[in-house]
Amino acid sequence: MKSNAKDSEKLSTEGSLSKPMPYFVFLVFLVCIFYAVAFVYHPYSYTANPHQSEFVQFEIPSRPKPKSPDKTNLSHIVFGVAASGKQWSKRKSYIQQWWRPNETRGFVWLDEKVEAGADEKNLPPLKISGDTSQFKYNNSEGDRSAIRISRIISETLRLGMEDVRWFVMGDDDTVFFPDNLVRVLQKYDHNYYYYIGSLSESHLQNIHFSYNMAYGGGGIAISYPLAKALEKMQDMCIQRYPHLYGSDDRIQACMAELGVPLTIEKGFHQYDVYGNVFGLLAAHPIAPLVSLHHLDLVEPIFPNMNRVQALEQLKLPSEHDSAGLMQQSICYDQDRRWTISVSWGYTVQIFRGTIYAREMERPSRTFYNWYPKAGYTGYPFNTRPVNLKRCQKPFVYFISNATYNSQIDKTVTEYSSHRIPRMRCSWIKADPSQIDRVEVYKKPNPYLWDKPPRRNCCRILPSKNNGTMVIEVGDCKEDEIIVLR
Ligand SMILES: *[C@@H]1O[C@H](CO)[C@@H](O)[C@H](O)[C@H]1NC(C)=O
Ligand SMILES: *[C@@H]1O[C@H](CO)[C@@H](O)[C@H](O)[C@H]1NC(C)=O
Ligand SMILES: *[C@@H]1O[C@H](CO)[C@@H](O)[C@H](O)[C@H]1NC(C)=O
Ligand SMILES: *[C@@H]1O[C@H](CO)[C@@H](O)[C@H](O)[C@H]1NC(C)=O
Ligand SMILES: *[C@@H]1O[C@H](CO)[C@@H](O)[C@H](O)[C@H]1NC(C)=O
C-alpha cells in the first residue's frame with residue numbers, strides 16, 4: 001500500500017514541469033500510454049487480422065443511452081382527474097372538451113358514485129378513491145377531500161398499467177391540450193425524477209403555499225419513477241402535514257422530502273384570477289399552451305358565448321396547428337402607424353401608434369387579482385394597463401373560423417371584429433374601425449417546440465378589401481426585428 005502511494009508520488013513529480021525531460025522520452029511515454037489505454041479498452045484490436053487497417057480505432061466509453069430512445073407520445077401518459085360527485089354533472093363538460101376516447105388514458109377519481117346520465121360520452125372511466133378517514137386533517141379553511149385528491153397519482157400507479165412514462169393530474173375544471181402536453185413532456189427523460197407544472201398567478205398564493213409547488217388545477221406531471229417513489233412514502237408523508245390546506249401542497253411537501261424541485265413549464269395555467277383572462281391569453285408566454293383552469297370562475301374566454309361554447313371555439317385552430325395555439329406575434333402597419341398583436345387561434349388586436357414589443361408581450365390587466373386588495377403589484381410577472389394611452393384602446397377581433405389550405409400548405413384563420421363603444425380619436429389619422437375582419441395565414445408547424453423558443457413574426461400583406469386586414473404569421477428571419485420604422 002505504502003509503496004504504491006510512493007510510486008504514484010514519484011510519477012507525478014517526474015511528470016511535472018519543474019524538471020523538464022528530453023522531448024523524445026516524453027513522446028515515447030505518450031505513445032506507451034496510448035497503447036496501454038487502447039489495449040485495456042479494446043484487447044481484441046491486436047489479434048492478427050490482415051485486413052485490418054493500420055490505425056486502430058477504439059471507442060471512448062459514452063454515457064449510458066436512455067432506455068427508451070423512442071419519443072414520448074400520448075399513449076405514455078396516464079391522467080388522473082380529481083372530481084367530486086356534487087359537481088360532476090356540471091364539470092364533466094370540461095373534461096369532455098379535451099378527452100379523446102381510445103387515445104388518452106386515465107381515470108376520473110370521485111368521492112362517491114354518480115348517476116350515469118345520457119351524455120356520458122367522451123369521458124374517462126370513473127373510479128372511486130380509496131378511504132382516507134384514517135388520515136389526520138385539521139386545516140380549518142380547507143376540506144379533507146384534499147387528502148383523497150393528493151393520493152390520485154399513487155392510486156393510479158397501483159393499478160399497474162403498462163408503458164406509462166408520466167402521470168398527469170388535474171381538476172375537473174381543468175382543460176388540457178394533450179398534444180402540447182406531449183410536446184412539453186418529450187423534452188424530459190422520463191427515466192429520471194421529474195415534477196413539472198407551474199405557479200399561481202398570485203404572488204401571495206405563491207408566498208402562502210410555495211414557489212416550489214406545481215398548482216394542481218394547472219396540472220401536475222410526475223415521471224413514472226418519481227411516482228413510484230412517491231407511492232412508497234406518500235401515506236406516511238401525508239400524516240406529517242395535517243395542517244396543510246390542499247392536495248397540491250401535500251404533494252409538494254412530499255416532493256420536498258424526496259428532494260425533487262419543481263420544473264416550471266409556463267404553459268400550465270392555474271389561473272388564480274378573476275374577471276377576464278383575455279389579457280393573459282393575448283400575451284401568452286413563448287411556451288406551448290398546456291392547460292387552462294378555473295374556467296368556472298373567470299368569464300367565458302369569448303364574448304357572447306357560454307363557457308363550454310367558448311372552449312369549443314378553440315377546437316378548430318387547435319386541430320389545425322396545436323403547437324401554435326395562443327402564440328403571440330407582434331408587427332406594425334408601417335403606413336397607417338398601427339401596432340398589431342396576433343394571439344394565433346384566439347384574437348387579433350390593432351392599436352393606434354407604436355407600442356414596443358416589450359410592452360406588447362406583457363399581459364394587459366383585463367383580470368383581477370386573486371386577493372383583490374393586492375392589485376397589480378401582486379402578480380409574480382409583468383403586466384400593463386389595458387390602455388397604455390387614451391387613444392390606444394385596442395380594436396379587438398376574435399377567431400370565427402379556421403381552415404387549412406393544402407395548396408399553399410397554410411392555415412387560414414379568420415377573426416371578426418368585437419365592436420365596443422369608443423371615444424373619437426383623431427390622434428392618428430388612420431382609423432382601424434373600418435376593419436371588421438382579419439385573415440391570418442400561417443404554415444402549421446408541429447415541430448415549433450423542438451427548437452429553442454422564439455416568437456413568431458407577423459407581416460401585413462396587401463389586401464384588396466378595405467374592410468379586411470391580411471396578415472402572415474411564421475418563423476422570423478434570422479435578423480428580423482419587431483419595430484415600426
Ligand atoms: C407511442 O409509442 C409507442 C412506442 O413506445 C408505439 O408503440 C406507439 O405506437 C406510439 N403510439 C402512437 C399513438 O404514436
Ligand atoms: C374504442 O375501442 C374499442 C375497442 O377497440 C371500440 O369498441 C370502440 O368503438 C372505440 N371507441 C371509439 C370512440 O373509438
Ligand atoms: C394540527 O395537528 C398538528 C399535529 O397533531 C398540530 O401540531 C397542529 O397544531 C394542529 N393545527 C391546528 C391548526 O389545529
Ligand atoms: C369556415 O370556412 C369554411 C371554408 O371556407 C366554410 O365552409 C365554413 O362555412 C366556414 N364556417 C363558418 C362558421 O364561417
Ligand atoms: C378603400 O380605401 C381607399 C383609400 O382610402 C379608397 O380610395 C377606396 O375608395 C376604398 N374602397 C372601398 C371599397 O371602400
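Order of appearance sets the numbers: ligands from 1, and atoms from 1 within every ligand.
Around atom OH of Y245, no more than 12 heavy atoms belonging to other residues, nucleotides or ligands sit under 6.0 Å away.
If you check which protein heavy atom lies closest to atom 1 (C) of ligand 1, you get N73 ND2, 1.5 Å. Looking only at heavy atoms of the protein, atom 10 (C) of ligand 3 is closest to N138 ND2, 2.5 Å. Protein heavy atom at the shortest distance from atom 3 (C) of ligand 4 is N401 ND2, 3.6 Å. The closest protein non-hydrogen atom to atom 5 (O) of ligand 1 is D70 OD2, 2.5 Å.
When each atom of ligand 3 is checked for a heavy atom of P242 under 4.0 Å away, the hits are 2 (O), 3 (C).
Separation of atoms CH2 (W344) and CD1 (I471) is listed at 13.5 Å; rounding is to 0.5 Å.
Taking the six-membered ring wherever Trp is involved, the centroid distance between the rings of W338 and F351 does not fall below 6.0 Å. Close placement of the W370 and H294 rings is indicated, their centers lying within 6.0 Å of each other. Between F302 and Y346, the ring center distance clears the sub-6.0 Å criterion.
Here atom 4 (C) of ligand 4 lies nearest to T403 when heavy atoms of L316, N405, V412, T403 are compared.
Heavy atoms of H76 come nearer than 4.0 angstrom to ligand 1 in at least one pair.
Any N or O atom pair closer than 3.5 Å counts here, and K136 shares no such pair with ligand 3.
For the pair R422 and D431, the salt-bridge criterion is not met [side-chain N within less than 4.0 Å of a carboxylate O].
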Subject >> S322 vs R183, side chain to side chain donor-acceptor pair (under 3.5 Å): CA-CA, chis, key distance, verdict >> reply: CA-CA 10 Å; S322 52; R183 289 187 175 102; 3.0 Å; yes

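Within the 4.0 Å cut-off (strictly below), no protein heavy atom is located near atom 7 (O) of ligand 1. For atom 14 (O) of ligand 3, a protein heavy-atom neighbour is present inside the 4.0 Å cut-off.
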